[in-house]
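Step one of this worksheet: look at the structure below.
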Amino acid sequence: MSYLKSALRQFQYYKLLGEKAMQQLEDEQLFFKPNEDTNSIAIIIQHLWGNMLSRWTDFKTTDGEKPWRLRDAEFEIQKIDRTELMQKWNEGWDCLFAAIDSTAEEELGDIIYIRNEGHSIMEAFNRQIAHYSYHVGQIVFMGKLLSKNEWQSLSIPRNKSNEYNMGKFDQEKSQKHFTDEWLNKNQ
């Protein structure tokens, strides 16, 4: 599997993971802030949206920290509803996916800039895989806290590891991306 296909699968996995978490919440729970120093899910989405648009718009020819980005405003509560929030979520991911689609494997070593710091395109994708998975993890954790005992596991449910592993080891060995089965089942 090529690096770009693998990176795309990783990003698709985290996007879907975040969506599956948010689907388990009521609208008002997306805006809940337990304290002043904790971001709501809505704020995390605003931040991801701003980051994705800044990093991936014209990323081969312009710095990834765009002058039009208002990063500090991403962390302020906006008067929007779930529909508008999900539009931002999708717009950010669409921008990223378009960037991946526009990249050829032979360009992965090309240098691009984020805040004047040079990164190979591969390093920039890796940087953002880590960044976005960190924030999606926050969304999932917040979702678990807010849904209390009604949470439906997004991975291997508690006390089901042996059953899951037995199912895996009952299959023939194969080479595939670890997200293939989960993404196919959840899309």
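- Look at E19 and K15 and you find a salt bridge, because one of the NZ, NE, NH1 or NH2 atoms lies within 4.0 Å of a carboxylate O, short of that distance.
- D63 places a side-chain N or O within 3.5 Å of a backbone atom of N116 that can act as its donor or acceptor partner.
- Heavy atoms from other residues, nucleotides or ligands lying under 6.0 Å from CD of Q171 number more than 12.
- Put simply, I112 and L108 are part of the same group of oily side chains (I, L, V, M, F, W, Y) that touch within less than 4.5 Å, one to the next.
- With sequence neighbours left out, E105 forms a side-chain hydrogen bond (donor to acceptor under 3.5 Å, both in side chains) with S2.
- With a 6.0 Å radius and a threshold of 12 heavy atoms from other residues, nucleotides or ligands, N162 has its CG atom at or below the threshold.
- When the shell of 6.0 Å around OH of Y3 is examined, it contains more than 12 heavy atoms from other residues, nucleotides or ligands.
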Could you give me the CA-CA distance, side-chain angles and deciding distance for Y113 and H119, then say whether ring pair (Phe, Tyr, Trp, His ring centres under 6.0 Å) is met?
CA-CA 6 Å; Y113 292 89; H119 297 63; 8.3 Å; no
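- Considering only residues two or more places apart in sequence or on other chains, Q128 meets the side chain to side chain contact (heavy atoms under 4.5 Å, CB included) condition with F11, N51, R55, W56, H131, Y132.
- A salt bridge links R69 to E65: at least one charged side-chain nitrogen sits closer than 4.0 Å to a carboxylate oxygen.
- One hydrophobic cluster holds both M122 and L96 under the rule that ILVMFWY side chains link at heavy-atom gaps under 4.5 Å.
- Around the NZ atom of K33, the shell of radius 6.0 Å holds more than 12 heavy atoms that belong to other residues, nucleotides or ligands.
- With hydrogens and angles disregarded, no donor-acceptor distance shorter than 3.5 Å links the side chain of T57 to the backbone of S54.
- Donor-acceptor pairing under 3.5 Å is recorded for the side chains of E91 and W49.
- Looking at D58, its side chain never comes within 3.5 Å of a backbone N or O of T61 through a donor-acceptor pair.
- Without hydrogens or angle criteria, K60 side chain to I111 main chain gives no donor-acceptor distance under 3.5 Å.
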